[in-house]
Amino acid sequence: MQSDKILNPVKNGLCGVIEVPGDKSISHRAVMFGSIASGKTIIHNFLKGEDCISTVSCFKKLGIKIEEKNNQIIIEGSGWEGLKEPSEILDVGNSGTTTRLLMGILAGRPFHSIIIGDDSIAKRPMKRVTEPLRKLGCTIDGRDGGEYTPLSIRGGEIEAISYTLPVASAQVKSAIILAGLQANGVTTIIEPMKTRDHTEKMIRQFGGTIHSEDGVIKVPGKQSLMATEVYVPGDISSAAFFMVAAAITPNSSIKLPNVGLNPTRIGILDVLKRMGACIKVEEIRTSQMEPVGTITVETSELEGIEISGDLIPALIDELPVIALLATQAKGTTIIRDAEELKVKETNRIDAIVNELKKLGADIEATEDGMIIHGKTPLHGATVDSWGDHRIGMTLAIASIITSESVVLNHSSAINVSYPSFFDDLYSLFKL
Ligand code: S3P
């Protein structure tokens, strides 16, 4: 991955309107549900990032007809039976969501598949999914007893289980739900902390049944789903980069229409408000089952806060850019309970602490998060994305306020979730 980019700081502030691309989590799920449902599913505003393209490619290899027409993704599903034993290896690329949710789907299919991914995927823990799926009766193996890819899955008849999630992970929860939809009996999942619930919402949208109350989820088995039309809202995790950019850059105001505001994803709004940011959320409406609205952020005087506990799953993907935000806040910001950052696309605690330090930030890693002292002026340096899209975008946003230019190595990692990121960013630069 050779893609170095020279990034120059902004001179006169940022101003404009950005419609961020479709939500990554919802785009993955729309392809998966369209592939297991019966009939024609149409997806609008699908995220054409590398991760979601990996999901499309895996389902094509599983025999599903998926095509793009007039900017829509059209899937011809024939129910669970439409999935066929793949003759090729299923390559998930860099995508943890594809890997884990696909494992749940394959657990109930009566055939054999092999899943591989890139170097980052090969280091990400999979036993958190392998173990519950084995309890349902699926045969799975992989390196280190099923912890790492390549994974080999032989699915078939599976039986419902009751399972308490050991980690707050929507990917693990979703994998068990997807297997549970195919099992004999009612699968029960106990979720100690609320995580994103797009899977639950989408099951209902595709005509299925799922109950969720007080952290207990019940999925009746042997369900058939029906095709539908999906409108994917803008990704709040992508919008977060511009929210932070506006807040930390003098003379700036950015408007972000059509952003998904699912309550399980809006921790970034809570953080910005508590830090004292000038932020408005308006025109809130419900699009299908997902709330959507317009977010406006302006240059802000920020103060350090503590971020921990139940809030972490609602902003887990935003923590790298929140660390940057904290470098521009007066006082100390402490991030706790975020060990999960260590097993994302890269160890995001190490990555962000190392790279922001190169730019002059006062930041240190802790066992389960970071401590950041602000406000610190940032200077030019050569930094690296570590092959991680969110680290790359955080550093690109940092470069807006540095005193000299920044060289960003491995910037193409950003294509995983936001291929048009730099075009959108530069459209905000005031002349
Ligand atoms: C995702 C869930 C989160 C998140 C990831 C996408 C999803 O991971 O970090 O980017 O789509 O379910 P975990 O559920 O493992 O925390």
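One-based numbering, in listed order, for ligands and for the atoms of each.
Note: no N/O pair closer than 3.5 Å links Arg390 and ligand 1 by distance alone.
Using a 4.5 Å cut-off on side-chain heavy atoms (C-beta onward), Thr332 and Ile371 make contact.
Ligand 1 does not have Glu340 within reach: every non-hydrogen atom of the residue lies 4.0 Å or more from it. Heavy atoms of Asp317 approach ligand 1 to within less than 4.0 angstrom. Using a 4.0 angstrom heavy-atom cutoff, Lys344 counts as in contact with ligand 1. The closest approach between a heavy atom of Lys173 and any atom of ligand 1 is not below 4.0 Å.
Counting heavy atoms under 4.0 Å from ligand 1, residue Arg196 touches it through the side chain alone.
Within a 6.0 Å sphere centred on CD of Glu303, heavy atoms belonging to other residues, nucleotides or ligands number 12 at most.
Nearest protein heavy-atom neighbour of atom 15 (O) of ligand 1: Ser169 OG, 3.0 Å. The protein heavy-atom contact nearest to atom 1 (C) of ligand 1 is Gln171 NE2, 3.5 Å. Protein heavy atom in closest approach to atom 14 (O) of ligand 1: Ala170 N, 2.7 Å. What sits closest to atom 12 (O) of ligand 1 on the protein, heavy atoms only, is Arg29 NH2, 2.6 Å.
Using a distance-only test at 3.5 Å, with no hydrogens or angles considered, a donor-acceptor pair links the side chain of Gln223 to the main chain of Pro220. Side-chain atoms of Ser385 come within 3.5 Å of backbone atoms of His410 as a donor-acceptor pair (strictly under, hydrogens ignored). Ser252 places no side-chain N or O within donor-acceptor distance of the main-chain N or O of Ile248, the cut-off being under 3.5 Å.
Every atom of ligand 1 with a heavy atom of Ile316 under 4.0 Å away is listed here by number and element: 9 (O). Near Thr97, meaning under 4.0 Å from any of its heavy atoms, are these atoms of ligand 1: 1 (C), 6 (C), 7 (C), 11 (O).
Judged purely by distance below 3.5 Å, without hydrogens or angles, the side chains of Lys48 and Asn71 pair a donor atom with an acceptor atom.
For the pair Glu191 and Lys173, the salt-bridge criterion is met [side-chain N within less than 4.0 Å of a carboxylate O].
Note on ring orientation: taking the six-membered ring where Trp is involved, the planes of Phe421 and Phe241 are perpendicular (angle over 60°, cut-offs 30° and 60°).
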